[in-house]
Amino acid sequence: MSKTYNIAVVPGDGTGPEVIAEGLKVLGAAAVRFGFRLNLSTFDFGGDRYLKTGEVLPEGAADELRKFDAIYLGAIGHPDVKPGILEKGILLRLRFELDQYVNLRPVKLFPGVDCPLKDKGPEHIDFVVVRENTEGLYAGAGGVLKKGTPDEVAIQESINTRKGVERCIRYAFEYCARRKKMNKLTLCGKTNVLTFAFDLWERTFYEVAREYPAIKPDYAHVDAITMWFVKNPEWFDVIVTDNMFGDIITDLGAMIQGGMGIAAGGNINPEGVSMFEPIGGSAPKYKGKNVINPLAAICAAGMMLEHLGEETAGKTVEKAAMEVTGRHIKSLAAGHMGLTTTQVGDLVANLTAKL
Ligand code: IPM
Ligand code: MN
C-alpha cells in the first residue's frame, strides 16, 4: 500500500492560485514517480472570501487544518482590503494558532540565476535562516493611549519566553546537525542594545550549544549580518534569530538568491501541522496573466515533501527547479522569464518525473 498524505491547499489571493496550480502539477509528478498519494482539500481563505462574507478566517478553521499532514499556501493579500487585515487575520493567526514556531527559510542561489552581488555564485550563497515564528514583536503585546492627540503613546513590546526561544534554538541546532554542511550555527541578535531579550537568547543559545559539541556556535549582530549577507554570504550555514529580525533578513536573503520569484519557506510545528508557502506575496498586478514565476511555490512544495518524509522526492523537485533555472529560464522576474507560468510548471514536472 502506498502512503497517502492529506494536504490542505489554500491558494489564497492574487497570483497565489496560479503558482499553487504549478506546485500541485509538480507534486503530482513526484507522487507518481516516488509512489505516494496526495489527498488534496482546498480552502478558499483569502481576500475574495473576506470581501464576500466579512469573515477573515471562519470559526474552527485552525482546528480543521490541524487534521492535515501539511498545508500548502499560495499568497495572502488583496488590493481591495486594507493592509494588515488578511495578513494578521489569516497568515499570522494560522502560524500562531497552529503553533508553527519555526519559519524555515533557505537562501540558495540556483545555477543560472542572476545574483545582484558582484563575484558571487551558487557556491557562495547557500544558507538557511531559522526564524522564530510565534513571539517577539509579532506577539501583538502593547497598546495605544490618547490616539490621535498630540500626547499619543504607542507601545509595541517584544515577547520572548524561555520556552519559545529554547525550542526555536533547539530546532536550529538539530537542523544544522542534519544539514551536515559547515556545522556552524549563527545566532543573529542585538545583544549590545536589546539587553533583556537578547540576553535571554544568548544565554539559551550557549547553554543548548553545549549539547551539540559538533556544531560551532557563532554570534552576529543583526546590523552586521545585513552587511555580511552582501559581503561574505559564504560565511553562513544556519542562522537562528527572532521573528522581526528574521522577517527583515530573509527579504535581503531572497534578494541575494535572485528575488522573490524563487524564495520559499516553511512554517514548521515539528510536533503538529506545518504550512509551506512561497514568501513573495500575492503580486495582484500579475494576476491571471500567466507570467508570474511559480518556482518559489514549487520549491515550497519540495520543502513540504521533505518535511513529510519524502526526502528523495523533495530533493528531486529542487534538482528539477535548478535544472530549469540553469538551462531553460531567462530571468526569474515575472514577465521576463521567456516562458509562461504554466510552461515553467510543465518543465519542472517533466524533470521531476525523470531526473
Ligand atoms: C513574511 C511576511 C509576513 C511577515 C507578513 C505578510 C505578515 O512578510 O512571511 O515574511 O511579516 O511575517
Ligand atoms: Mn516578510
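Both ligands and their constituent atoms are indexed starting at 1 by order of listing. Nothing here was measured: the structure is a model prediction, and the numbers come from that model.
- For ligand 1, the atoms sitting less than 4.0 Å from at least one non-hydrogen atom of Arg95 are 1 (C), 4 (C), 9 (O), 12 (O), numbered in the order shown with element in parentheses.
- When only non-hydrogen protein atoms are considered, atom 8 (O) of ligand 1 lies nearest to Asp247 OD1, 3.4 Å.
- Under a 4.0 Å N-O distance rule, the pair Lys181/Asp237 does not qualify as a salt bridge.
- Look at Met244 and you'll find every heavy atom at least 4.0 Å from all atoms of ligand 1.
- In terms of protein heavy atoms, atom 4 (C) of ligand 1 is closest to Tyr138 OH, 3.5 Å.
- Atoms of ligand 1 found under 4.0 Å from any heavy atom of Arg131, numbered from 1 in the order shown, are 1 (C), 4 (C), 10 (O), 11 (O), 12 (O).
- Here the heavy atom of the protein found nearest to atom 1 (C) of ligand 1 is Arg105 NH2, 3.3 Å.
- By the 6.0 Å and 45° rule, Arg131 stacks over the aromatic ring of Tyr138.
- A donor-acceptor pair shorter than 3.5 Å can be found between the side chains of Thr186 and Asp218.
- Closest to atom 7 (C) of ligand 1 among all protein heavy atoms lies Glu87 CB, 3.9 Å.
- Side-chain atoms of Asn160 and Ser158 include a donor-acceptor pair closer than 3.5 Å.
- Using a cut-off of 4.0 Å between Lys/Arg side-chain N and Asp/Glu carboxylate O, Asp99 and Arg167 are scored as salt-bridged.
- The N, O or S atom of Asp247 with the smallest distance to the Mn ion (ligand 2) is OD1.
- Tyr171 and Glu132 are not linked by any side-chain donor-acceptor pair at a separation below 3.5 angstrom, with hydrogens and angles left out of the test.
- Looking only at heavy atoms of the protein, atom 5 (C) of ligand 1 is closest to Leu91 CD2, 4.4 Å.
- Counting heavy atoms from C-beta on, the side chains of Glu318 and Phe110 come closer than 4.5 Å.
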